[in-house]
Amino acid sequence: MKEKNRNSLITSLLLSWYEKEGRDLPWRETTDPYKIWISEIILQQTRVVQGRDYYFRFIERFPTVESLAAAKEDEVLKLWQGLGYYTRARNVHAAAKQVKSIFNGVFPSTYSNIISLRGVGEYTAAAVASIAFNEPYAVVDGNVFRVIARLFGISLSIHSSEGKKVIREIAQSLLDTQDPGRYNQAVMDFGALICTPAQPKCIACVLQDYCTAFAGNRVGELPVNDRKISIRNRYFHYFHILHNGSTFLQKRNGSDIWKNLFEFPLIETTLPSDFTELEKREPFRKLFAGISTFSVDHRLAIKHQLTHQAIHTHFYRIIIPDEIPFNPPKEIFRIDDEQLLEYPVSRLTHKYLETI
DNA sequence: AAGACGGGGAG
DNA sequence: CTCCCAGTCTT
């Protein structure tokens with residue numbers, strides 16, 4: 001019973017803190033489940049400041065789930081350009097079509113139906129179900145993990161299934177079932193503003209007296225994150241080809257990075273490579289088959305640092321004389337320069353386009 | 001259970 | 001440079 005009192009005290013302190021100090025976020029002004037869903041997808045692994053403008057643009061272009069379902073994937077990706085994790089854009093589009101075909105165009109109103117949508121996992125389903133439909137599901141995101149691990153002194157890794165299970169159970173036990181949506185947003189704001197990853201504001205914390213980590217001087221050690229990421233080096237050599245007043249693009253596919261985004265013809269190597277060395281490679285000969293004379297101009301070198309890979313990139317501008325016929329492999333298509341900006345591209349390719 | 005998936009900001 | 005952000009999906 002002591003435990004129960006402590007938990008309900010924590011919950012009410014969290015709620016009264018949120019009442020005074022909670023953030024003013026645009027998607028909190030709506031009760032439209034579609035818009036709340038979009039905001040939750042955009043905010044996956046993404047800071048509020050980074051996603052905010054994307055949310056406005058997305059909602060303006062696609063104000064309803066029907067409008068999104070009717071869109072072309074390229075346009076959805078174009079709106080997502082620069083935000084990262086492009087699977088979210090493809091999934092959100094696919095999910096809108098699911099809503100249309102499976103739920104008659106009406107956004108589903110229960111946790112189990114919401115989680116059946118593409119790209120919606122436990123977190124997003126709990127968030128939308130609680131905020132838009134008042135369903136009693138506690139969210140567990142990075143903030144919640146940190147807040148609960150510290151409050152309750154949980155030393156289990158946040159990547160272990162046991163750790164996830166324990167945190168999820170505590171989160172659910174803290175939930176205010178009268179207003180689950182408000183409670184969920186309160187914990188997340190608390191994690192984002194007070195119980196931050198680095199230099200948490202313990203001095204100003206209303207839960208200080210109830211925090212196991214604070215009492216044991218372990219705030220800096222929790223939550224336990226034993227993830228070790230290795231960074232892979234990759235070498236991309238892009239060719240901005242000019243021929244007869246047009247240029248050339250291709251679409252990325254497979255299960256690699258930037259799936260379904262566009263880019264210039266590319267040769268990837270596992271080791272650093274200069275142009276002279278590239279010319280000797282089979283992919284280069286295949287790309288420029290029959291082209292004996294062309295001019296080469298090294299335009300840009302960029303190291304693009306991502307979470308799991310470092311992409312060392314060179315952009316070359318290749319000018320092929322107009323009188324020489326150029327017939328690249330079929331996956332590479334010809335476009336006019338003015339059309340270049342209509343295609344969704346990675347941040348990396350966009351940086352190059354900004355220089356020309 | 002472990003990796004892959006982006007980009008940016010903070011320290 | 002490392003860490004991590006309103007996570008999800010694939011292997």
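Just so you know, these numbers use all the heavy atoms, side chains as well, and skip hydrogens, waters and symmetry mates. Proteins come first, then strands; the chains are lettered A, B, ... in the order of their sequence lines, and each starts at number 1.
- For the P atoms, the distance linking C/dA6 with B/dA10 amounts to 13 Å, nearest Å.
- A close approach under 4.0 Å does occur between a side-chain nitrogen or oxygen of A/Q45 and OP1 or OP2 of C/dG7.
- With DNA chain C read from its 5' end, the first of the two nearest nucleotides for A/Q305 and A/S255 is the one closest to A/Q305.
- Distance, A/E40 CD to C/dC5 C1': 13 Å, rounded to whole Å.
- Residue-level contact check: A/V139 touches neither bases nor backbone, having no heavy atom under 4.0 Å from any strand.
- The cationic group of A/R52 does not satisfy the cation-pi geometry with A/Y55, failing either the under 6.0 Å distance to the six-membered ring centre or the 45° limit from the ring axis.
- No donor-acceptor contact under 3.5 Å links the side chain of A/Y123 to the base of C/dG7.
- A donor-acceptor pair is defined here as one N or O able to donate and one able to accept, closer than 3.5 Å; no such pair exists between the side chain of A/Q208 and the backbone of A/C205.
- For the pair A/I231 CD1 and B/dG6 C1', the interatomic distance rounds to 13 Å; values are reported in whole Å.
- In summary, A/E40 and A/R88 do not engage in a salt bridge, as defined by a charged side-chain N under 4.0 Å from a carboxylate O.
- Straight-line distance from the OH atom of A/Y86 to the P atom of B/dC5: 13 Å, rounded to whole Å.
- Across C/dA6, B/dG11, B/dG6, the shortest atom-to-atom separation from the side chain of A/V48 is found for C/dA6.
- Residues A/K351 and A/E162 both approach DNA chain B. Their nearest nucleotides, taken by heavy-atom distance, put A/E162 toward the 5′ side.
- Across all strands, A/I42 comes closer than 4.0 Å to no nucleic acid atom at all (heavy-atom distances).
- OP1 or OP2 of C/dC1 has at least one side-chain nitrogen or oxygen of A/K303 nearer than 4.0 Å.
- In this structure, of B/dG7, B/dC5, B/dG11, it is B/dC5 that holds the atom nearest to the side chain of A/Q309.
- Distance from the side chain of A/R347 is smallest for B/dG7 among the nucleotides B/dG6, B/dG7, C/dA6.
- Residue A/T46 places no side-chain atom within donor-acceptor reach of the base of B/dG8, judged by atom type and a 3.5 Å distance cut-off alone.
- Residue contacts for A/N225: at a heavy-atom cut-off of 4.0 Å it reaches the sugar-phosphate backbone alone, with no base atom in range.
- One can place OH of A/Y85 at 12 Å from P of C/dT8, the figure rounded to the nearest angstrom.
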>> Assess the residue pair A/R182 and A/E19 against the criterion (salt bridge (Lys or Arg N to Asp or Glu O under 4.0 Å)); give the C-alpha distance rounded to whole Å, side-chain angles, the decisive distance to 0.1 Å, and a yes or no.
In response: CA-CA 9 Å; A/R182 191 169 62 122; A/E19 220 53 47; 2.7 Å; yes
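- A/W37 comes within 4.0 angstrom of no nucleic acid atom, judged by non-hydrogen atoms across all strands.
- For the pair A/R6 and A/F152, the cation-pi criterion (under 6.0 Å, within 45° of the ring axis) is fulfilled.
- Contact annotation: A/W80 does not reach the phosphate of B/dC5 (side-chain N/O to OP1 or OP2, under 4.0 Å).
- Rounded to whole Å, the C1' atom of C/dC4 lies 13 Å from the corresponding atom of B/dG6.
- Aromatic rings from A/F103 and A/F107 are positioned such that their centres are separated by 6.0 Å or more.
- No donor-acceptor contact under 3.5 angstrom links the side chains of A/S346 and A/E263, judged on distance only.
- Listed candidates were C/dA6, B/dG11, B/dG6. Nearest to the side chain of A/R23 is C/dA6.
- With B/dG6, B/dG11, C/dA6 as the choices, the nucleotide that has an atom nearest any side-chain atom of A/A192 turns out to be C/dA6.
- At a cut-off of 3.5 angstrom, counting only N and O atoms as typed in the model, there is no donor on one side facing an acceptor on the other between the side-chain of A/R47 and the base of B/dA10.
- Which of C/dG7, C/dC5, B/dA1 sits closest to the side chain of A/D141 comes down to C/dG7.
- In this structure, A/K164 places its NZ atom 11 Å from P of C/dT8, rounding to the nearest Å.
- Among the protein residues, A/R146 comes within range of the sugar-phosphate backbone only, with heavy atoms under 4.0 Å from sugar or phosphate atoms but none that close to a base.
- Across all strands, A/H304 comes closer than 4.0 Å only to sugar-phosphate atoms, never to a base (heavy-atom distances).
- Residue whose closest nucleotide on DNA chain C sits further toward the 5' end, between A/N143 and A/N91: A/N143.
- For the residue pair A/S273/A/E277, the side-chain donor-acceptor check at 3.5 Å is satisfied.
- No engagement by A/L348 is indicated, since no non-hydrogen atom pair under 4.0 Å with the nucleic acid exists.
- Going from atom CG of A/D256 over to atom P of B/dC5 covers 6 Å, rounded to whole Å.
- A donor-acceptor contact under 3.5 Å links the side chain of A/T307 to the base of B/dG7.
- As a whole-Å value, the separation of A/L261 CG from B/dG7 C1' is 13 Å.
- One interatomic measurement links the two molecules: CZ of A/R232 to P of B/dG6, which rounds to 12 Å at whole-angstrom precision.
- Taking atom P in both B/dG3 and C/dC3, one finds a spacing of 16 Å when rounded to whole Å.
- Side-chain N/O atoms of A/Q50 and base N/O atoms of B/dG8 include no donor-acceptor pair closer than 3.5 Å.
- The residue A/S161 sits close only to the backbone: its heavy atoms come under 4.0 Å of sugar-phosphate atoms, none of a base.
- Contact annotation for A/G51: no contact, since no heavy-atom pair falls under 4.0 Å across all strands.
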